[in-house]
Amino acid sequence: MPEGHTVHRTAGIFQKKFAGSTLRVSSPQGRFTDASLIDGSKLLSAHAWGKQLFLKFEPAILRIHLGIYGKWRIESHEGELPEPKGQVRARFTSDKDFADLRGPTACELVDTEGYLGVVSKLGPDPLRPDPKGDEGERFVSRVLKSPTPIGQLLMNQSVLAGVGNVYRAELLFRAGINPHTPGKQLTREQVAGIWFDAVALMPLGVRTGLMLTRDGFLKGRPKLEDRYLVYKREGLPCRVCGSSVVIEIMATRKLYYCVKCQK
DNA sequence: AGGTTATGCCAAT
DNA sequence: TTGGCCTAACCTC
């Protein structure tokens, strides 16, 4: 379930369970042919930026992107490692824990230059520390200059890193903004509002592993049918006004919104 | 058993 | 704009 919250959550787990340890790295499936280059080396740190996960090993940095299918299985073990389930691209093993990676779009070693090349193309990430406090402004000024619909801008990782199709729909509903509105037609307050809403909401997703966006359902594990405001609710009544939630295709992705509440 | 779908994104056209 | 990647879960038959 890969939007940015999932990736940050995984980075935290790697940091806690594996950072500072020497890891065995293998590719049961065989497709990660560079596994041998980091096998037996120390994991220095793990961090996320948007939907990208970076594992810094001593010899090189491993860049992992889950794409739409990718999944992690991370568990502890008692010396006896379980058989890989399905097609495991990469397995990371410490004394106590193992992590199996299946179906990623990217699992590749990069050097510092390659790493900088990737992150230089990423927009601000609401889940990243913002010591100077100017990351929101980077997002806001970019949106306010753009003729592109805000629904597309929120999906563009160079504008805003980590938000995907679920958070896009939910953030726009919460803001009461129609996804077709060009960025430059929004007010500064509206765009800043989206940023700060994401900054407030996404850490909940990291903590729980769920994209919680409904006030009143911001803790626990709400059932799937209670979870979202508009995402995957086409044809169902809007939770606020009761009119039918619509679905459209915007730039190849399904877009859900309420025509009445989002002007 | 086969078809559809997915929280993503890139390259080719 | 379209096709392809790549895996598993969830349908229908």
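Each chain gets a letter, A, B and so on, in the order its sequence line appears, and its residues count up from 1.
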Whole angstrom value for the distance that separates C1' of B:dG8 from CG of A:Leu122: 13 Å
Is it true that A:Asp100 and A:Arg89 have a side-chain N and a carboxylate O under 4.0 angstrom from each other? no
Using the P atoms only, state how far B:dC10 lies from C:dA8, rounded to an integer number of Å. 23 Å
Does some side-chain heavy atom of A:Ser21 sit less than 4.5 Å from a side-chain heavy atom of A:Lys42? no
Can a salt bridge be assigned to the pair A:Glu137 and A:Arg188 using a cut-off of 4.0 Å between side-chain N and carboxylate O? yes
If you take any heavy atom closer than 4.0 Å to DNA chain B, which residues from residues 247-255 of chain A end up in contact? A:Arg253, A:Lys254
Would A:Arg239 and A:Arg214 count as a side chain to side chain contact (heavy atoms under 4.5 Å, CB included) if you check the C-alpha gap in whole Å, the side-chain angles of each, and the deciding distance to 0.1 Å? CA-CA 10 Å; A:Arg239 299 200 190 271; A:Arg214 291 183 69 193; 3.3 Å; yes
In this structure, how many angstroms lie between the P atom of B:dT4 and the CD1 atom of A:Ile68, rounded? 17 Å
Under the criterion side chain to side chain donor-acceptor pair (under 3.5 Å), I'd like the reasoning laid out for A:His8 against A:Asp125: C-alpha separation, chi angles, the key distance, then a yes or no. CA-CA 11 Å; A:His8 280 266; A:Asp125 176 349; 2.7 Å; yes
I need the NE2-P distance between A:His5 and B:dT7, as an integer number of Å. 13 Å
Check: residues 202-211 of chain A side-chain donor-acceptor pairs under 3.5 Å, at least two apart:
residue	atom	partner	partner atom	Å
A:Thr208	OG1	A:Leu204	O	2.7
A:Thr208	OG1	A:Leu210	N	3.1
A:Thr208	OG1	A:Leu210	O	3.3

Suppose the criterion is side chain to side chain donor-acceptor pair (under 3.5 Å): which pairs have a residue in residues 222-237 of chain A, not counting sequence neighbours? none
Atom CD of A:Gln152 and atom P of B:dC9 are separated, to the nearest Å, by 14 Å
Sugar-phosphate only, base, or nothing, as touched by A:Arg31 at under 4.0 Å among non-hydrogen atoms: sugar-phosphate
Give the minimum heavy-atom separation between A:Cys258 and A:Ser243, together with the two atoms involved. SG-OG, 3.6 Å
Name every residue in residues 215-228 of chain A that has at least one heavy atom under 4.0 Å from any atom of DNA chain B, in order of residue number, or write none if there are no such residues. none
Shortest non-hydrogen separation from A:Val110 to A:Ala60 and the atoms involved: O-CB, 3.8 Å
Rounding to a whole Å, what distance do you find between A:Leu53:CG and B:dG8:P? 16 Å
Measure the distance from NZ on A:Lys71 to P on B:dA6 and round it to the nearest whole Å. 13 Å
A:Asp197 side chain near A:Ile194 side chain, heavy-atom distance below 4.5 Å: no
What is the distance, rounded to the nearest whole Å, between atom CG of A:Leu210 and atom P of B:dT7? 16 Å
Start with the C-alpha distance between A:Tyr256 and A:Glu170, add both sets of side-chain angles, then the distance that settles side chain to side chain donor-acceptor pair (under 3.5 Å), and finish with yes or no. CA-CA 9 Å; A:Tyr256 306 83; A:Glu170 301 287 283; over 6 Å; no
Tell me whether the side-chain N/O atoms of A:Lys51 come closer than 4.0 Å to OP1 or OP2 in B:dT7. no
Quick test of your reading: applying ring pair (Phe, Tyr, Trp, His ring centres under 6.0 Å), list the pairs with at least one residue in residues 94-127 of chain A, sequence neighbours left out, ordered by first then second residue. A:His47-A:Tyr115, A:Phe54-A:Tyr115
Chain A contact limits on DNA chain C, taken 5' to 3' with a cut-off of 4.0 angstrom to heavy atoms: C:dT2 to C:dA8
Side-chain N or O of A:Tyr231 closer than 4.0 Å to phosphate OP1/OP2 of B:dT7: yes
Pairs flagged by salt bridge (charged side-chain N to carboxylate O under 4.0 Å, His left out) wherever residues 106-116 of chain A is involved - sequence neighbours left out: A:Arg63-A:Glu108
Using atom P in both nucleotides, what's the gap between B:dT7 and C:dC11 to the nearest angstrom? 16 Å
Rounded P spacing from B:dT4 to C:dG3 in Å: 15 Å
Whole-angstrom distance between B:dT13 and C:dC5, as gauged at atom P: 14 Å
For A:Phe92, run the side-chain contact (heavy atoms from CB on, under 4.5 Å) check against A:Asp97, A:Leu62, A:Asp39 and tell me which one passes. A:Leu62
List in chain and number order the residues that pass side chain to side chain contact (heavy atoms under 4.5 Å, CB included) with A:Ser36, two or more places apart in sequence or in another chain; answer none if no residue qualifies. none
Can you name the side chain to side chain contact (heavy atoms under 4.5 Å, CB included) partners of A:Gln87, sequence neighbours left out? A:Gln29
It should be established whether A:His65 places a side-chain nitrogen or oxygen under 4.0 Å from OP1 or OP2 of nucleotide B:dC9. yes
What's A:Arg89 touching, base or sugar-phosphate or nothing? Going by heavy atoms closer than 4.0 Å. sugar-phosphate
Mind running a 4.0 Å heavy-atom check of residues 196-204 of chain A against DNA chain C and sending the residues that fall below it, in number order? none
When you measure from every atom of DNA chain C, which of residues 103-117 of chain A have a heavy atom less than 4.0 Å away? A:Gly103
Assign each of A:Tyr256 and A:Gln157 the nucleotide of DNA chain B bearing its closest heavy atom; nearer the 5' end lies the nucleotide of A:Tyr256
note: A:Asn165, atom CG; B:dT7, atom C1'; distance rounded to Å ~ 7 Å
Sequence neighbours excluded, which residues qualify as side chain to side chain contact (heavy atoms under 4.5 Å, CB included) partners of A:Lys85? A:Arg73, A:Arg102
